[in-house]
K.L.:
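First the structure, then my questions, so here it is.
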Amino acid sequence: MTTLRIGNASGFYGDRFDAMREMLTGGELDVLTGDYLAELTMLILGRDRLKDPAAGYARTFLRQLEDCLGLASERGVRIVTNAGGLNPAGLADAVRQLADRLGIPVRVAHVSGDDLTTAHPGSLAAHAYLGGFGIAECLRAGADVVVTGRVTDAALVTGPAAAHFGWTPHDHDRLAGAVVAGHVLECGAQATGGNYAFFRDGDVRRPGFPLAELHEDGSCVVTKHPGTGGFVDVGTVTAQLLYETAGARYAGPDVTARLDTVRLTQDGPDRVRIEGVRGEAPPPTLKVGLNRLGGFRNEIVFVLTGLDIDAKAALVRDQMEPALGTIADVRWELARTDRPDAGTEETASALLRLVVRDPDQEAVGRALSGAAVDLALASYPGFHVPAPPGKGSPYGVFEDVYVPQGGVDHVAVLHDGGRVPVPPPHDTLVLDDVPEPALPEPLPPGPVTRAPLGLVAGARSGDKGGDANVGVWARTDDAWRWLAHELTADRFRELIPESRELTVVRHVLPNLRALNFVVEGILGAGVAARHRFDPQAKALGEWLRARHLDIPEALL
């Protein structure tokens, strides 16, 4: 078989439940992957494990498999998933029990070695991001279902590809191509029109899930099953390539993929060819994600309606001040969502958010909530809150540290119980920034119009710990000539005021006609800490697209 067809049926824990069945029945597949893990998910699973040591994996996957295991077996589709979370051995056992109960002969294997929690006291979960060669060993030994814990998202594709094509750790270019394919697939429908800047280009009411036709040289075609919703074009693939990445070097435990070498071409309706990807030896260290409980958090939203919004906000802040005196972290934010002479009460209202954090739950709990309730009949006119104040809830903190590649016991636990150690790569290369590429020739001078950036550029944004990235790409060569010179890091800071005191790094990717901005520290201690209104920076790119610049009329 010269082509390996790898599909995706989950981009996060809680994704569309029936996607597994849709992918198994919608067309041909060799391998079906499911990505269930994210930084926040690891914290959630860690809290589950505190309550029940046998927990710690994505239970949704088991329910999906109960419906679909027979289908996969009949069609010869192998399943590879990171749904094992903090307990891959436990999920593997549960899958075996399910298969026995259903009377389906299935060989189940799992990958271990990512759990480093005991080596990091005080963490709720500490897990290294493993590569794909443990998965490959399980598949080579005949597994039908492979369960992992924390691996890189792309490892769900590099593992099956290495097993199928016989790649070794030295096949850097081929592995890099599979990493790029895996990164496109990992977030499910984001590659088929979901969350896409130019969503009006197609019918995205129910996008299908993506698949990659992967070739032995590492190139692939990204597509979807016939008749499914959404669409696949160079733009949807570009958007996903930029998601949660940074510079030209996209590092992983198996290989560092050079995103500046990626070439995308439309290969027909709903088909995008990815080729030319070059790879380098991986870095000498593995990333370890640490999740810990940071304390307790509470939030109260006051609705301010009509006239004198600023004065109303000042009054309630003064009234709440005595209850805030000893709290470690207090943040007020006034969102002016109100409009003058509004036609509805909602559009006449602004939202004043009070967010508090403290190591002591009592400090942000009943005393604070009680102080807000006491104002119900004694504050600004029209006082109300959308929901009753709570008692305070725990929040998490994420950080990443690094260990040597050989500092984990990466093991493939085969379906027959055999254990195959997976050695670290022999060749490694310390990461370094690539030289700044040459920019295209700027557009000639001409008339301009003040207009939103989004009329000529797409964007997609996301989170990596406390940092956010915003990938911005142009749809035409002329728009790229303008964008590359206009949207500097300094201009980005002007357009996104909360980044002005932060470090903003711009990376240039000419092959994709794209710029990738990394905003360091904008998300505080990560998504679980809920540092800002949009804690994962999912809409930061759309805010940027809505900002106005002087755009050449020739582009509009």
Side-chain angles (χ1 to χ4, degrees), residues 37 39 42 80 82 84-86 88 109-120 123 125-140 146 148-163 166-180 182-183 186 218 244-259 277-291 398-414 419-434 464-465:
L37 300 184
E39 292 168 3
M42 298 299 280
V80 179
N82 61 16
L86 279 58
H110 74 275
V111 176
S112 70
D114 61 302
D115 193 344
L116 302 181
T117 306
T118 57
H120 294 85
S123 64
H127 291 257
Y129 290 71
L130 302 180
F133 279 95
I135 296 170
E137 290 289 352
C138 294
L139 293 171
R140 285 169 179 154
V146 180
T148 78
R150 193 23 132 178
V151 295
T152 63
D153 300 336
L156 301 177
V157 171
T158 61
W167 296 342
T168 74
H170 301 289
D171 289 315
H172 294 148
D173 290 346
R174 292 176 172 87
L175 288 167
V179 163
V180 169
H183 182 57
E186 70 183 59
E244 294 182 346
T245 61
R249 286 190 164 102
Y250 185 53
D254 296 322
V255 68
T256 293
R258 289 289 297 263
L259 298 183
V277 186
R278 302 302 301 271
E280 300 170 343
T285 56
L286 292 177
K287 177 180 173 180
V288 179
L290 301 183
N291 286 277
F398 176 88
E399 60 181 315
D400 51 71
V401 299
Y402 292 83
V403 299
Q405 280 265 13
V408 299
D409 295 321
H410 189 179
V411 175
V413 184
L414 309 182
R419 298 174 66 87
V420 179
V422 179
H426 291 294
D427 300 325
T428 62
L429 182 65
V430 175
L431 283 178
D432 196 7
D433 291 334
V434 301
K464 279 295 179 186

K.L.:
Search all heavy atoms of A136 against all heavy atoms of G159 and return the closest pair with its distance.
P.N.:
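So the two residues come closest at CB-O, 3.4 Å.
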K.L.:
Counting only heavy atoms not in R278 (residues, nucleotides, ligands), do more than 12 fall under 6.0 Å from its CZ?
P.N.:
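Atom CZ in R278 is not crowded, with 12 or fewer foreign heavy atoms closer than 6.0 Å.
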K.L.:
Decide yes or no for R419 and L414: does some side-chain heavy atom of the first lie under 4.5 Å from some side-chain heavy atom of the second?
P.N.:
no
K.L.:
For the NZ atom of K287 and the OH atom of Y402, what is their distance to the nearest 0.5 Å?
P.N.:
5.5 Å
K.L.:
Below 4.5 Å, heavy atoms only, C-beta onward: do Y250 and T256 meet side chain to side chain?
P.N.:
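No. Closest side-chain heavy atoms not under 4.5 Å.
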K.L.:
Do you know which two heavy atoms are closest between P253 and P425, and how far apart they sit?
P.N.:
O-CG, 4.0 Å
K.L.:
Would a 4.5 Å heavy-atom cut-off, applied to side chains only, mark L130 and V111 as touching?
P.N.:
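Yes, side chains in contact.
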K.L.:
Between Q405 and P282, is there a side-chain heavy-atom distance shorter than 4.5 Å?
P.N.:
yes
K.L.:
For atom CG of D400, is the number of surrounding heavy atoms from other residues, nucleotides or ligands below 6.0 Å larger than 12?
P.N.:
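Count over threshold, so yes.
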K.L.:
Distance from E399 atom CD to E39 atom CD, nearest 0.5 Å?
P.N.:
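If I round to the nearest 0.5 Å, the distance is 11.5 Å.
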K.L.:
Determine, step by step, whether D427 and H170 satisfy the side chain to side chain donor-acceptor pair (under 3.5 Å) criterion, reporting the C-alpha distance in whole Å, the side-chain angles of both residues, the deciding distance to 0.1 Å, and the verdict.
P.N.:
CA-CA 8 Å; D427 300 325; H170 301 289; 3.3 Å; yes
K.L.:
Below 4.5 Å, heavy atoms only, C-beta onward: do V434 and R258 meet side chain to side chain?
P.N.:
yes
K.L.:
May I ask you to decide if G279's main-chain N or O and D173's side chain share a donor-acceptor pair within less than 3.5 Å?
P.N.:
yes
K.L.:
Determine the minimum heavy-atom distance between Y129 and V151, stating which atoms define it.
P.N.:
CD2-O, 4.2 Å
K.L.:
Given side chain to side chain contact (heavy atoms under 4.5 Å, CB included), test T285 with V403 step by step and report yes or no.
P.N.:
CA-CA 5 Å; T285 56; V403 299; over 6 Å; no
K.L.:
Between H183 and T245, which heavy-atom pair has the shortest distance, and what is it?
P.N.:
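The pair with the smallest heavy-atom distance is NE2-CG2, 3.4 Å.
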K.L.:
Would you call L156 and I135 a side-chain contact if the rule is heavy atoms closer than 4.5 Å?
P.N.:
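Counting from C-beta outward, L156 and I135 do come under 4.5 Å.
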K.L.:
Considering non-hydrogen atoms only, spot the tightest contact between L139 and A163 and give its length.
P.N.:
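Smallest heavy-atom distance, with atoms named: CB-CB, 4.0 Å.
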K.L.:
Once you round to the nearest 0.5 Å, how far does CE of M42 lie from CG of L290?
P.N.:
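These two atoms lie 10.5 Å from each other.
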K.L.:
Set out, in order, the CA-CA distance, both residues' side-chain angles and the distance that settles side chain to side chain contact (heavy atoms under 4.5 Å, CB included) for V401 and H120, then state yes or no.
P.N.:
CA-CA 10 Å; V401 299; H120 294 85; 3.9 Å; yes
K.L.:
To the nearest 0.5 Å, what is the distance between CZ (R150) and CG (L116)?
P.N.:
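It comes to 13.0 Å.
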K.L.:
Main chain of A126, side chain of T117: is a donor-acceptor contact present, judged purely on distance under 3.5 Å?
P.N.:
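Yes, because the side chain of T117 sits within donor-acceptor range (under 3.5 Å) of the backbone of A126.
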K.L.:
Under a 4.5 Å cut-off applied to non-hydrogen side-chain atoms, are D254 and F133 in contact?
P.N.:
yes
K.L.:
Consider side chain to side chain contact (heavy atoms under 4.5 Å, CB included). Of T152, V146, D114, L37, which one does N82 pass it with?
P.N.:
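Only one option passes, and that is L37.
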K.L.:
So which atom in L86 and which in A125 form the shortest heavy-atom distance, rounded to 0.1 Å?
P.N.:
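Closest approach of L86 to A125: CD2-CB, 4.0 Å.
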K.L.:
Decide side chain to side chain contact (heavy atoms under 4.5 Å, CB included) for E244 and K464; before the verdict, give the C-alpha distance in whole Å, the side-chain angles of both, and the deciding distance to 0.1 Å.
P.N.:
CA-CA 7 Å; E244 294 182 346; K464 279 295 179 186; 3.7 Å; yes
K.L.:
Do W167 and L175 have side chains that get closer than 4.5 Å, going by heavy atoms?
P.N.:
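The answer is yes; the side chains approach within 4.5 Å.
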